[in-house]
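Below is one structure, written out as structure tokens, with a few remarks after it.
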Amino acid sequence: MSGATAKFSSSYHLAAALRREPDPAAALRLFLSPTPTAAAGPSSSPAPPFRYSLRCYDIIVCKLAAARLFPAMESVLARLPSSLRPREPLLCRVISAYGRARLPAAARRAFAHPAFPAPRTARALNTLLHALLACRAPLPELLSECRGSGIHPDACTYNILMRAAVADSGSVDNACLLFDEMLQRGIAPTVVTFGTLVTAFCEAGRLEEAFKVKEVMSLQYNIRPNAHVYASLMKALCEKGKVDDAHRLKEEMVSNSEPLVDSGAYATLARALFRLGKKGEVVSLLEEMKEKGIKVGREVHNSMIAGFCEDEGDLDAAFAALDDMQKGGCKPDSVSYNTLVGGLCKMGRWRDASELVEDMPRRGCRPDVVTYRRLFDGICDAGGFSEARRVFNEMVFKGFAPSKDGVRKFVGWIEREGDAASLESVLCQLASVNALESSEWEKAMSGVLHDPAEQKIVKLLDNLSLA
DNA sequence: GTAGGGTTAG
């Protein structure tokens, strides 16, 4: 006897079912009540007839983390017995999920989670540092986290710190100081370290120094520049309008004996050619990749989609590029869809954009914060405010904050409508995703507030300002 | 998915 009601006789079967279940909430229900009797009544759940394996915890935690269902994830972690000896990679998934969700305090708490046996290694520390970097924590905070942990830093630690130095101060010089410190402590730089420096100089527009780093790494450290290094340099050259130089650099890259089959650098070139209106050269670029046996990767497909949407204004061609991508065995990601959503909105086709977003889960791609922002902005720009209201509710429910620009237009519309109750709930929703800025409610106060609801809102705003 | 790039916001 098997089937939906028989459920699972072992943690092995449960793990397989959890893995198969695409809906994280459904997976959680399976995890919580793997037997039919347990499913019948949550309060009287008997213990399942088997012991959960670490694998089951692994799968459910990762699924919940990916879906940002953090309270559920925490409750599963709280049930995780330390006797199962969960290992650091799982902890790292949790930490980085919080980093991606921009929840630094939660990331710090996870780092110290008691279910995971001490001591922590540099790997967990580095994951935490990277999460904090994603939350735009300033460099001194990362440094003190580092010192406080008592964990010996490795090259990866320094690479993250160097990135943070650039992100924080915008100056490459602090990154260079960290590089010197790293050498003094006898930690050998890796190809990633040099890639980070090259990128930092490129972003600062200091191309001569970027090329100097490339030279130093090969001549003094005998580390050959890889595709990352070339990609940064080529992008910087394209941005300065030196597409021919970028072309030459690409030649150097592919003539390197190392099997550089990475297509990322081609994406930059393709997009730069689109911007210059040289669609034909993109075609020959793709042919060249085919000749050389270089797989056309996701980024190249995405830069084609972007080229058609933004440079050519040709949505049909963009959707055709999406089809090509799928036919070529490359799964479109949120960048692909976000570009199309933006393109449709820009053409005023926000109803089509809305449909595309609704279709994304079925196509195997979860809408992200960019998806919703572009759609919301596009609808607000076009004045489709009742649809905007629907999208707004959906995105806020998922924990995504709308863009400032969209909020301004949306709140402006609600003010003009003079619906104080709506305004109140929208302000609350904005506060729930930390998107309520003083300027918004100051403006709201000077707006529609001349009816009895006025006092209520003023009181609400006072409360918000105290929070 | 412990670190760097390339395609979308900003």
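Just so we're on the same page: letters track the sequence lines, and every chain starts at 1. Everything numeric in this text was worked out from a predicted model, so none of it was measured.
Between A:Lys409 and A:Asp405 a salt bridge is recorded (basic side-chain N to carboxylate O distance below 4.0 Å). Salt bridge status for A:Asp377 with A:Arg373: absent, with no side-chain N to carboxylate O gap under 4.0 Å.
Across residues 299-328 of chain A, A:Glu299, A:Asn302, A:Ser303, A:Ala306, A:Glu310 each have a non-hydrogen atom less than 4.0 Å from an atom of DNA chain B (numbered order).
Side-chain proximity of A:Arg93 to B:dG10, B:dA3, B:dG1: nearest is B:dG1. The side chain of A:Thr268 sits closest to B:dT7 out of B:dT7, B:dG4, B:dA9. For A:Val370, taking side-chain heavy atoms from C-beta onward, the closest of the listed nucleotides B:dG5, B:dT2, B:dA9 is B:dA9. Closest to the A:Lys235 side chain, of the nucleotides B:dG5, B:dG4, B:dG6, is B:dG6.
If you check every strand for non-hydrogen atoms under 4.0 Å, A:Ser96 touches nothing. Within 4.0 Å of A:Val191, counting heavy atoms only, lies at least one base atom of the nucleic acid. Using a 4.0 Å heavy-atom cutoff across all strands shown, A:Arg136 reaches at least one base atom of the nucleic acid.
If you take CD on A:Glu21 and NZ on A:Lys63, they are separated by 7.0 Å, rounding to the nearest 0.5 Å. Here the straight-line distance linking atom CG of A:Leu125 with atom CG of A:Asp154 works out to 8.5 Å at 0.5 Å rounding. The line from CE of A:Met289 to NZ of A:Lys295 is 9.5 Å long, rounded to the nearest 0.5 Å.
Taking atom CG on A:Asn338 and atom P on B:dG10, their separation rounds to 12 Å, with Å as the unit. When rounded to the nearest whole Å, the span between CG of A:Leu285 and C1' of B:dG6 equals 13 Å. One can place CG of A:Leu125 at 12 Å from P of B:dA3, the figure rounded to the nearest angstrom. Rounded to whole Å, the distance from CZ on A:Arg102 to C1' on B:dA9 is 12 Å. We find that NE2 of A:His130 is positioned 11 Å from P of B:dT2, with the value rounded to whole Å. Rounded to whole Å, atom P of B:dG1 lies 10 Å from atom CZ of A:Arg100. With rounding to whole Å, A:Leu91 atom CG is found 16 Å from B:dG1 atom P. Between A:Arg275 atom CZ and B:dG6 atom C1' there is a gap of 12 Å when expressed in whole angstrom units.
Under 3.5 Å, the side chain of A:Asn226 and the base of B:dG4 form at least one donor-acceptor pair of N or O atoms. At a cut-off of 3.5 angstrom, the base of B:dG4 holds no donor-acceptor pair with the side chain of A:Arg163.
Residues that satisfy the side-chain contact (heavy atoms from CB on, under 4.5 Å) test with A:Val335, not counting sequence neighbours, are A:Asn302, A:Asp333, A:Thr339. A:Tyr98 is linked by a side-chain hydrogen bond (donor to acceptor under 3.5 Å, both in side chains) to A:Glu74, counting only residues two or more places apart in sequence or in another chain.
In this structure, A:Tyr52 has its ring center under 6.0 Å from that of A:Phe31.
Regarding contacts with the backbone of B:dA9, every side-chain N or O of A:Lys404 stays at 4.0 angstrom or more from both OP1 and OP2.
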